[in-house]
Amino acid sequence: MSNVRMTSIQNWYFKTAGANDWKLATVPGCVHTDLLKHEMIPDPFVGENELDLQWVDKQDWEYKTTISLSAEWLQEERVELIFEGLDTYADVYVNGEKVLQADNMFRSWKVDVKSYLKIGENQLLVYFHSPINHDIDKPDQLGYNLPADNDHSEDGGVGQQKLSVFARKAPYHYGWDWGPRFVTSGIWKGVYLEAWSGAKLTDFHIQQQAVSSEKAEINAVLEIEATKEIEVAIVISDQHDLNIKKACKLAKGSQVIEIPILIENPQLWWSNGLGKPYLYCFQADLKLNERIKHTSVVKTGLRSISLVREDDQHGQSFYFELNGVPIFAKGANHIPNDSFQTRTTREEYEHDIATAAASNMNMLRVWGGGIYEYDMFYELCDEYGILVWQDFMFACSMYPGDSSFMNSVKKEAIDNVKRLRNYACIALWCGNNEMDAAWSQYEEKAGWGWKQRYNASQRKKIWKAYDEVFHHLLPSIVEEYDPNTDYWPSSPMRELSHDKNQHATFDTVEKGDIHYWDVWHGLKPIEAYKEKVGRFMSEYGFQSFPEKKTVLTYAKEEELALESDVMLHHQKNGAGNRLIKNYMEMYYKKPKDFPSFLHLSHILQADAIRSAVEAHRLNMPYCMGTLYWQLNDCWPVASWSSMDYYGRWKALQYVIKNRFKTTALIVDQKDDSLSVYVVSDQLQDQEVQLSLHIYDLNGQPIFQETQAVFVRQNTSTVIYETDIQSLGIAEESNNIVLFAQLTVNGNVIDSVEHVMVKPKDLVLQDPQIQLTYVDGGIELESQSFAMNVWLETDKEGCFEDNNFSLIPGIKKYITYTDSVRRNIHFTKTQEITNVNVSSMYDYIVQ
Ligand code: BMA
């Protein structure tokens with residue numbers, strides 16, 4: 001018996017169903033990107049092209065290839081055709097015979113096709129049904145439309161028919177409040193042919209039962225498929241000295257074999273900032289007569305992770321404990337990197353995750369309106385120490401509950417839990433995004449006004465389907481297939497109480513997780529972030545435009561105006577542009593032109609989210625997590641992202657990097673009172689020096705004080721409190737800046753500049769910033785206080801810091817890297833020239 005043979009199926013062609021002109025296709029890929037490659041459609045992201053391309057999802061499409069097989073292949077007992085992902089309604093034919101009918105983008109498919117194959121050329125055809133035509137009658141069959149607020153059905157030319165809820169397909173493909181509507185079809189993941197005889201490993205799970213620094217108790221759980229009774233040996237090894245051998249008698253069919261492993265003094269996996277994310281490489285060999293027949297490898301970190309929800313004096317905790325340590329989760333929500341997610345490269349994924357790590361994050365939430373991410377996403381999270389809050393793919397909608405839908409969801413959940421459970425980064429499985437709060441079953445007046453649209457029996461039916469999926473089906477699958485990881489039914493939610501205490505609102509901050517949108521959607525002033533701090537802030541956000549260079553990829557110079565059709569088209573949140581403008585007027589002087597307006601929107605966004613992040617961190621351990629909405633974009637657009645579609649860091653990304661430091665100084669001003677906090681995520685106590693200075697905006701010292709401070713590990717402490725009156729500076733508050741610095745043995749750990757009034761009330765002078773190129777970096781100095789200093793080059797890359805302030809007399813040295821992928825700590829610097837520097841003074845009308 002030979003080893004398992006495997007070949008990736010390539011050389012695909014595609015065409016509109018019924019036509020004859022086959023064209024070369026890219027697999028994995030999708031119809032839209034194939035059409036683009038052949039210049040059969042214009043760039044979907046430019047101008048308003050989105051609207052002209054809605055015909056693509058009304059067509060059926062065919063993909064075909066030939067597979068050439070030698071006799072050896074067909075001598076094997078099984079020849080399996082494996083699709084890792086088909087998007088979405090697809091019939092698969094081998095030599096003209098239908099072998100598979102797929103209907104769920106998130107599942108993988110495996111069929112034994114041996115009896116359909118022959119030696120030599122074999123025809124493989126995948127017929128994709130239009131997802132729109134396939135589902136168009138479903139609302140009528142159901143008798144009503146299900147809620148799906150982000151489904152841009154009208155843009156898609158199907159009126160009010162919200163079809164996204166019927167297809168197990170990425171919800172964001174149907175449009176979102178930051179995304180266009182491109183309802184794709186295609187072979188979106190790998191396709192393989194595998195041939196084997198006798199026995200094969202079909203799954204290898206490293207189940208971590210109990211992990212501590214003394215020992216890791218693991219269960220290696222192997223699924224093996226055998227074509228007959230057969231005696232084999234299984235050997236489990238790692239890159240160290242692990243070597244366990246077990247002889248097994250296999251029965252015909254599929255079976256599970258468990259092998260306990262004990263590793264003494266394991267090297268633990270730590271999240272970014274707390275230690276090394278050490279990875280073990282476990283290998284399982286299936287041996288027959290001393291020869292390796294099949295091998296499976298699992299690379300993972302050893303750690304214990306749990307969500308701790310315990311009653312306390314405030315309500316109930318909500319935090320993650322990693323290796324016995326309560327951790328403050330710092331991070332963001334992650335959406336798919338592209339409307340056509342198949343074209344995102346590994347380099348782009350790595351830029352994403354490396355950006356998170358370089359920004360001192362330790363957690364990302366894979367949000368439920370996108371995709372269960374590709375394996376490379378989780379591999380990178382494992383490597384960079386980024387924990388993952390993993391939603392199942394359900395968001396902001398209610399879904400049907402018929403048996404075929406339920407069955408499909410069940411299979412999808414099993415596939416994805418099994419695929420992802422080996423990654424060390426997986427911290428939590430969460431049922432859905434915002435559905436519990438939006439429907440609000442037990443509180444008539446709360447929610448998004450959905451349930452009021454239905455009669456009593458419809459309401460009952462819709463909630464029954466919800467209850468079945470999120471309170472029974474999904475938790476039971478997590479319990480069965482990944483019992484060591486916690487499950488949370490919906491984000492946000494207070495607790496699963498089956499009464500009105502279940503639903504999270506902006507006011508229920510004492511329990512559960514919170515999506516706080518009263519700033520932005522609720523139009524509250526930015527200061528409200530300080531008032532509404534919950535136990536775990538899993539969403540809150542503030543929009544900005546992308547930078548001018550990015551805007552010019554979709555708009556022409558003459559379209560650069562807030563209300564131009566193209567700018568409005570690239571703003572999917574109806575009120576968005578007006579909100580940016582209104583908030584800007586509240587806090588800043590008038591921008592002097594449109595490019596300044598674009599950049600001021602970055603500053604506004606960065607200042608807003610900074611307020612939120614600081615309020616969340618200084619309220620530790622009451623609050624133990626802050627994940628802002630949103631890290632990235634799926635196309636160039638005005639959105640809540642901190643990094644645009646091209647991976648360009650907005651000012652917010654730099655502010656996050658700065659404010660998520662492991663030890664951070666936070667100045668908190670409430671009216672007249674001023675408090676300075678040190679927040680430490682470090683696992684050791686520290687003796688530090690605090691120095692406080694107040695300068696006027698010309699750099700003249702007004703006040704100075706230093707003190708030694710003891711900073712306890714993993715907590716937030718007020719280290720200085722005063723009121724502005726007692727400092728004798730109240731009169732000049734529009735002309736001064738507070739500079740606080742923390743040092744250990746002369747090394748600066750953190751420093752912050754704090755102005756006491758709104759930016760629009762400051763009396764700024766031309767700072768005349770001087771920039772000098774030194775030692776591979778740049779040195780900056782200003783003549784008067786410079787706010788929101790912004791560095792730019794014509795190269796793509798990131799500065800060590802940006803959007804910072806300069807106080808006259810205090811020089812700043814900044815390095816730059818052309819790739820955070822290789823350099824998250826900015827240790828090596830690249831030579832740069834042509835750096836352009838500007839600051840707030842340059843953007844506003846004086
Ligand atoms: C949250 C998210 C998304 C949305 C964002 C901005 O509710 O879950 O659905 O894009 O707000 O509105």
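Bear in mind that the values here come from a model prediction, so they are computed numbers and not experimental data. Just follow the structure's listing: the first ligand is 1, and inside any ligand the first atom is 1.
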Legend entry - Parallel, tilted or perpendicular: rings of Tyr454 and Trp439 (30°, 60°): tilted
Could you go through ligand 1 and list every pair where one of its N or O atoms sits under 3.5 Å from a protein N or O, giving the atom names and the distance to one decimal?
unit_1	atom_1	unit_2	atom_2	d
ligand 1	7 (O)	Glu434	OE1	2.7
ligand 1	7 (O)	Glu434	OE2	2.5
ligand 1	7 (O)	Glu539	OE1	3.1
ligand 1	8 (O)	Trp367	NE1	3.1
ligand 1	8 (O)	Asn433	OD1	3.3
ligand 1	8 (O)	Asn433	ND2	2.8
ligand 1	8 (O)	Glu539	OE1	3.3
ligand 1	8 (O)	Glu539	OE2	2.8
ligand 1	9 (O)	Trp176	NE1	3.0
ligand 1	10 (O)	Trp176	NE1	3.3
ligand 1	10 (O)	Asp177	OD1	2.5
ligand 1	10 (O)	Trp178	NE1	2.8
ligand 1	12 (O)	Asp177	OD2	2.5
ligand 1	12 (O)	His521	NE2	2.8

Inset, instruction - Using a strict cut-off of less than 4.0 Å between a Lys/Arg side-chain nitrogen and an Asp/Glu carboxylate oxygen, indicate whether Lys581 and Glu585 qualify as a salt bridge. - result: yes
Inset, instruction - Tell me, please, which residues at least two apart from Phe392 pass ring-ring contact (aromatic ring centres under 6.0 Å, His included). - result: Trp429
Inset, instruction - For the residue pair Trp188 and Tyr374, categorise the inter-ring angle as parallel (less than 30°), tilted (30 to 60°) or perpendicular (more than 60°). - result: perpendicular
Inset, instruction - Would you list the pairs meeting salt bridge (charged side-chain N to carboxylate O under 4.0 Å, His left out) in which at least one residue belongs to residues 359-376, sequence neighbours left out? - result: Arg365-Asp391, Arg365-Glu539, Asp375-Arg419
Inset, instruction - Taking salt bridge (charged side-chain N to carboxylate O under 4.0 Å, His left out) as the test, write out the residues that go with Glu48, two or more places apart. - result: none
